[in-house]
Trainee: 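Structure provided below as structure tokens; questions to follow.
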Amino acid sequence: MLDLIAANPFAGQQHIATALGIARSTVAAHIVQLVNKGYILGRGYVLPASKRMICIGGAVLDRKYHARKDLIFGTSNPVAGYRSFGGVARNVAENLVRLGVDISFVSIVGDDETGRSLVRHLRDLGADVSQVITTTERPTAEYAAILDLNNDLVLGIADMEIFDLFSPSCLDRFWPHLASANWVFIDCNLPAATIAALMSRKQGARFKLAVDTVSSPKSARLPKDLTGIDLLFTNHDEANTMLGITADKRLKPKEAAAALRAAGASEVIVTMGAHGFAVATEGGVATMRSVPARAVDITGAGDAMIAGTMYKVLSGDPVLDSARTGALLATLTTESESSVHPDLSPRFLTAGMYRIPA
């Protein structure tokens, strides 16, 4: 049936039924299933675009305050302030759209100027933001970091309650849009119930699922059975938290990656910052070196690692090779003051390939 539709997207159901020797009602039932599974996009039998990805999750206004002098608690301190758009899924989406990937971004923002600016920024870069939810119940998420003279975090505060409103029922709103993607990426800013519902509904759909755990507390939002996750991104601490390993019995990155794969994830990447990363696939577990960096600000490095990896995965490269590109993009990102490198493009990334360790 898909072959007939691809050959003639305007073919009527009776024409398809006659060609296949089946009843028109049977064709209609199959068409409904093909729409629900994302193989066609409804009226006109429009076929989904190739290499299309959807990023679902955090969209945040980040505020950073760099101390100009030693911080004194209980009084006012002079700082240099900096604002930027953040959130794991949002950062991944921006990286990928700058690399020319067909990206849709789905999140929830407040009905405020911050939310409108955040959505407009991604739209102007070329991302599809038509499925972003706007609510009057909560303001757009914000994160504020106070950094000392050494740029070390002294205090971080976050208002993320808006993401609690992203309930499982939200999936109904954009499911056909989501189901037609090649890959769907989510972060664990989403509620546990929504993540579970997405993983359950993913069965039978055409897309593959990539997940980032975000933090140790938020990694607990994933179910114990990771079946349905095609590619899991996590760091060493988060991996041990998910596996219920205590601090005195921590697994090594290779061991943690293998254990997470045994828990159901098809492929797993466990990062260790500047110390490299472990990749677990059907072929085994390998430890890779990070790309040496002249770091300015490490914010966004993990999100860039995800984006660089997915960029190559979407091109058909195996995860092990793709992760090397992810490591390169992570390093390039730390060498800028922005959470997403402002010069990022396919040419910029290609120019840095010589830096990947052999």
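Numbers here are sequence positions counted from 1.
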Trainee: A side-chain contact here means heavy atoms from C-beta on lying under 4.5 Å apart; do Ser104 and Met53 qualify?
Mentor: no

Trainee: Identify whether Val214 and Leu190 are in the same connected component of the hydrophobic contact network (ILVMFWY, side-chain heavy atoms under 4.5 Å).
Mentor: no

Trainee: A side-chain contact here means heavy atoms from C-beta on lying under 4.5 Å apart; do Val97 and Asp102 qualify?
Mentor: no

Trainee: For Arg116 and Glu113: C-alpha separation, side-chain torsions, deciding distance, then whether salt bridge (Lys or Arg N to Asp or Glu O under 4.0 Å) applies.
Mentor: CA-CA 5 Å; Arg116 287 187 285 272; Glu113 185 53 37; 3.6 Å; yes

Trainee: Going from OG1 on Thr287 to NE2 on His275, what distance comes out if it is rounded to the nearest 0.5 angstrom?
Mentor: 13.5 Å

Trainee: Donor-acceptor pairs under 3.5 Å, side chain of residues 306-318 to any protein atom, not counting sequence neighbours: which ones?
Mentor:
unit_1, atom_1, unit_2, atom_2, d
Thr309, OG1, Met305, O, 2.8
Ser315, OG, Tyr311, O, 3.2

Trainee: Can a donor-acceptor pair be found, under 3.5 Å and without considering hydrogens, that links the side chain of Thr281 to the backbone of Glu267?
Mentor: no

Trainee: Applying the 4.5 Å side-chain criterion to the ILVMFWY set and letting contacts propagate, would Ile133 and Ile195 be lumped into a single cluster?
Mentor: yes

Trainee: Does a side-chain heavy-atom distance below 4.5 Å link Val106 with Val129?
Mentor: no

Trainee: Do Ile245 and Val270 land in one hydrophobic cluster if side-chain heavy atoms of ILVMFWY residues count as linked below 4.5 Å?
Mentor: yes

Trainee: Can you name the nearest heavy-atom pair linking Leu260 to Ala239, along with the distance?
Mentor: CD1-CB, 3.8 Å

Trainee: Taking atom CE of Met199 and atom OG1 of Thr194, what is their separation to the nearest 0.5 Å?
Mentor: 13.0 Å

Trainee: Counting only N and O atoms by type, is there a donor-acceptor contact under 3.5 Å from the side chain of Ser338 to the main-chain atoms of His341?
Mentor: no

Trainee: Could you state the interatomic distance from CG (Asn235) to CD1 (Ile269), rounded to the nearest 0.5 Å?
Mentor: 13.0 Å

Trainee: Between Phe207 and Trp175, how do the two ring planes meet: parallel, tilted or perpendicular, split at 30° and 60°?
Mentor: perpendicular

Trainee: Please answer whether the main-chain N or O of Ile186 pairs with a side-chain N or O of Asp212 as donor and acceptor at a distance below 3.5 Å.
Mentor: no

Trainee: Less than 4.5 Å apart, any side-chain heavy atom of Leu118 and any of Leu61?
Mentor: no

Trainee: Might you point out which heavy atoms bring Cys55 and Val92 nearest each other, and give the distance in Å?
Mentor: SG-CG1, 3.9 Å

Trainee: Taking atom NZ of Lys218 as the centre, does the number of heavy atoms from other residues, nucleotides or ligands within less than 6.0 Å exceed 12?
Mentor: yes

Trainee: Do Leu222 and Leu232 come within less than 4.5 Å of each other through their side chains, counting heavy atoms only?
Mentor: yes

Trainee: Would you say Thr271's side chain and Gly273's backbone share a donor-acceptor pair under 3.5 angstrom?
Mentor: no

Trainee: Hey, does the side chain of Thr334 reach the backbone of Ile298 with a donor-acceptor pair shorter than 3.5 angstrom?
Mentor: no

Trainee: How long is the straight-line distance from CD1 of Ile54 back to CZ of Phe185, given to the nearest 0.5 Å?
Mentor: 13.0 Å

Trainee: Looking at Thr331 and Ala293, what are the two nearest heavy atoms and their distance?
Mentor: CG2-CB, 3.5 Å

Trainee: Using a 4.5 Å cut-off on heavy atoms from C-beta on, say whether the side chain of Leu329 contacts that of Leu344.
Mentor: yes

Trainee: Going by heavy atoms in the side chains, are Val132 and Val109 under 4.5 Å from each other?
Mentor: yes

Trainee: Go through the steps for Arg138 and Asp111 under the test salt bridge (Lys or Arg N to Asp or Glu O under 4.0 Å), then give the verdict.
Mentor: CA-CA 8 Å; Arg138 295 283 190 279; Asp111 186 13; over 6 Å; no

Trainee: Do Ile157 and Ile146 share a hydrophobic cluster, counting only Ile, Leu, Val, Met, Phe, Trp and Tyr and linking them when any side-chain heavy atoms are less than 4.5 Å apart?
Mentor: yes

Trainee: Using atom types as modelled and distance alone, determine if a side-chain donor or acceptor of Arg355 lies under 3.5 Å from a backbone N or O of Pro292.
Mentor: yes

Trainee: Step by step, work out the side chain to side chain contact (heavy atoms under 4.5 Å, CB included) result for Arg206 and Asn182.
Mentor: CA-CA 7 Å; Arg206 71 188 294 267; Asn182 297 88; 4.0 Å; yes

Trainee: Any chance you could lay out the side chain to side chain contact (heavy atoms under 4.5 Å, CB included) test for Leu147 and Val154, step after step, and finish with the verdict?
Mentor: CA-CA 5 Å; Leu147 308 172; Val154 176; over 6 Å; no

Trainee: Rounded to the nearest 0.5 Å, how far does OG1 of Thr75 lie from CG of Asn77?
Mentor: 6.5 Å

Trainee: List the steps and the verdict of side chain to side chain contact (heavy atoms under 4.5 Å, CB included) for Arg98 and Val340.
Mentor: CA-CA 9 Å; Arg98 287 180 180 274; Val340 176; 3.9 Å; yes

Trainee: Are the side chain of Thr213 and the backbone N or O of Ser215 linked by a donor-acceptor pair below 3.5 Å?
Mentor: no

Trainee: Which atom names give the shortest non-hydrogen contact between Arg261 and Val268, and what distance separates them?
Mentor: N-CG2, 3.8 Å

Trainee: Under 3.5 Å, is there a donor on one side chain and an acceptor on the other for Arg347 and Thr350?
Mentor: no

Trainee: Give me the atom names and distance for the closest heavy-atom approach of Pro357 to Val291.
Mentor: CD-CG2, 3.8 Å

Trainee: Between Val88 and Met160, is there shared hydrophobic-cluster membership here, with clusters defined by ILVMFWY side-chain heavy atoms closer than 4.5 Å?
Mentor: no

Trainee: Hey, are Asp230 and Lys202 close enough for a salt bridge, meaning a charged N less than 4.0 Å from a carboxylate O?
Mentor: yes

Trainee: With a 4.5 Å heavy-atom cut-off, do Asp128 and Ile103 have their side chains touching?
Mentor: no

Trainee: Could you check whether any side-chain N or O of Thr140 sits under 3.5 Å from a backbone N or O of Gly110, counting only pairs where one atom can act as donor and the other as acceptor?
Mentor: yes

Trainee: Once ring-ring contact (aromatic ring centres under 6.0 Å, His included) is applied, what residue pairs with a partner in residues 230-274 remain, sequence neighbours excluded?
Mentor: none

Trainee: So for atom CZ, which belongs to Arg83, do other residues, nucleotides or ligands contribute more than 12 heavy atoms lying within a distance under 6.0 Å?
Mentor: no

Trainee: Only pairs under 3.5 Å count here: list side-chain donor-acceptor contacts from residues 63-72, not counting sequence neighbours, and write none if there are none.
Mentor:
unit_1, atom_1, unit_2, atom_2, d
Arg63, NE, Glu142, OE1, 2.9
Lys64, NZ, Asp297, OD2, 2.8
Lys64, NZ, Thr299, OG1, 3.1
His66, ND1, Asn151, OD1, 2.8

Trainee: Going by an N to O cut-off under 4.0 Å, is there a salt bridge joining Arg90 and Asp62?
Mentor: no

Trainee: Kindly check if the number of other-residue, nucleotide or ligand heavy atoms within 6.0 Å of CD (Glu337) is above 12?
Mentor: no

Trainee: Calculate, to the nearest 0.5 Å, the distance between atoms CG and OG1 belonging to Leu328 and Thr333 respectively.
Mentor: 9.0 Å

Trainee: Strictly below 4.0 Å, N to O, side chains only: are Asp237 and Arg250 in salt-bridge contact?
Mentor: yes

Trainee: Ignoring hydrogens and geometry, is there a side-chain-to-backbone donor-acceptor pair from Asp187 to Ala89 under 3.5 Å?
Mentor: yes

Trainee: Could you go step by step and tell me if Leu332 and Phe348 meet the side chain to side chain contact (heavy atoms under 4.5 Å, CB included) rule?
Mentor: CA-CA 10 Å; Leu332 295 173; Phe348 178 81; 3.8 Å; yes

Trainee: Taking Glu94 for its side chain and Asn91 for its backbone only, find out whether a donor-acceptor pair lies under 3.5 Å.
Mentor: no

Trainee: Please name the pair of heavy atoms, one in Ala278 and one in Met272, separated by the smallest distance, quoted to 0.1 Å.
Mentor: N-CE, 4.3 Å

